[in-house]
Amino acid sequence: MQIQGDFDVKLTPQTSADSPPWGRQRIEKTFHGPLAGSSIGEMLAVRTEVKGSAGYVALEQVSATLEGRKGTFFLQHSGLMDQGTPTLTVSVVPDSATGELKGLKGTMTIQIEGGKHFYGFSYSLP
């Protein structure tokens, strides 16, 4: 199955024992569309001395209804920016889903256009 929708995101910087280039943020999202619900998570990021180069990893727990099925699952993010060229992988953590989403597998894409966030979610359920 493939679905699309939009989401609102709030990033809140967190204190870090390490100074820049390290960064840590709390993630709070609200999903709209066929995936409707919210998530909370944590992100770690680092910027390099080269403008446009950085990396981040994040984990977030999604509590939502996915096309009428309720449950929770975790997403794992791995993002790189190579001199302005982004790559991003967002995957459902295997065996992390609960409730009516148990057995969920999938990957998510994220697009930002005009300051608005959009998701594409390719998934399968048993």
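Between Leu35 and Thr65, every side-chain heavy-atom pair lies at or beyond the 4.5 Å cut-off. The side-chain heavy atoms of Val62 and Val92, taken from C-beta on, include no pair separated by under 4.5 Å. The side-chain heavy atoms of Val46 and Tyr56, taken from C-beta on, include no pair separated by under 4.5 Å. At least one side-chain heavy atom of Arg69 sits less than 4.5 Å from a side-chain heavy atom of Leu125.
In the hydrophobic cluster analysis, where Ile, Leu, Val, Met, Phe, Trp and Tyr join through side-chain heavy atoms closer than 4.5 angstrom, Phe7 is grouped together with Phe73. One hydrophobic cluster, built from ILVMFWY side chains closer than 4.5 Å, holds both Met108 and Leu88.
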Determine whether Phe31 and Ser38 satisfy the following criterion, side-chain contact (heavy atoms from CB on, under 4.5 Å), listing intermediate values before the conclusion.
CA-CA 6 Å; Phe31 293 92; Ser38 61; 5.9 Å; no
side-chain contact (heavy atoms from CB on, under 4.5 Å) between Arg26 and Ile40, intermediate numbers included:
CA-CA 7 Å; Arg26 177 178 172 83; Ile40 57 168; 3.6 Å; yes
Pair His77-Ile110, side-chain contact (heavy atoms from CB on, under 4.5 Å): steps then yes or no
CA-CA 11 Å; His77 300 233; Ile110 296 174; 4.1 Å; yes
Would Gln76 and Glu60 count as a side-chain contact (heavy atoms from CB on, under 4.5 Å) if you check the C-alpha gap in whole Å, the side-chain angles of each, and the deciding distance to 0.1 Å?
CA-CA 7 Å; Gln76 179 174 312; Glu60 68 179 296; over 6 Å; no
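The heavy-atom pair separating Arg47 from Pro21 by the smallest distance is O-CB, 3.0 Å. Scanning both residues, Val9 and Lys29, for their nearest heavy atoms gives CG2-CG, 3.8 Å. Shortest non-hydrogen contact noted between Ile27 and Ala58 is CD1-CB, 3.9 Å. Closest approach of Ala97 and Gly103 over heavy atoms only: CB-N, 4.2 Å. Considering all non-hydrogen atoms of both residues, Gly84 and Pro86 come closest at O-CD, 3.3 Å. Annotation for Pro34 and Gln4: closest pair CD-O, 3.2 Å, computed over non-hydrogen atoms.
For the atom pair CG (Asp8) and OG1 (Thr30), the distance works out to 5.5 Å, reported to the nearest 0.5 Å. Between the CG atom in Leu66 and the OG1 atom in Thr72 there is a gap of 12.0 Å [rounded to 0.5 Å]. Between the CD atom of Gln2 and the OG1 atom of Thr109 there is a distance of 9.0 Å, given to the nearest 0.5 Å.
Applying the side-chain contact (heavy atoms from CB on, under 4.5 Å) test to Asp82 and every residue at least two apart in sequence or in another chain returns Ser53. By the side-chain contact (heavy atoms from CB on, under 4.5 Å) test, Gln25 pairs with Leu11, Pro13, Met43, sequence neighbours left out. For the side-chain contact (heavy atoms from CB on, under 4.5 Å) test, residues two or more places apart in sequence or in another chain that qualify with Thr107 are Ser91, Ser122. Residues forming a side-chain contact (heavy atoms from CB on, under 4.5 Å) with Lys116 (at least two apart in sequence, or on another chain): Asp6, Phe118.
Counting heavy-atom neighbours within 6.0 Å of Glu42 CD, excluding the residue itself, gives a total above 12. When the shell of 6.0 Å around CG of Asp95 is examined, it contains 12 or fewer heavy atoms from other residues, nucleotides or ligands.
When hydrophobic side chains of Ile, Leu, Val, Met, Phe, Trp and Tyr are connected at separations under 4.5 Å, Val50 ends up as a singleton with no cluster partners. In this structure, Leu59 shares a hydrophobic cluster with Phe74, Val93, the cluster being traced through Ile, Leu, Val, Met, Phe, Trp and Tyr side chains under 4.5 angstrom apart.
Remark: aromatic rings of Tyr119 and Phe121 are distant, center separation not under 6.0 Å.
With respect to Lys102 and Glu100, no salt bridge is recorded, no charged nitrogen being found less than 4.0 Å from a carboxylate O.
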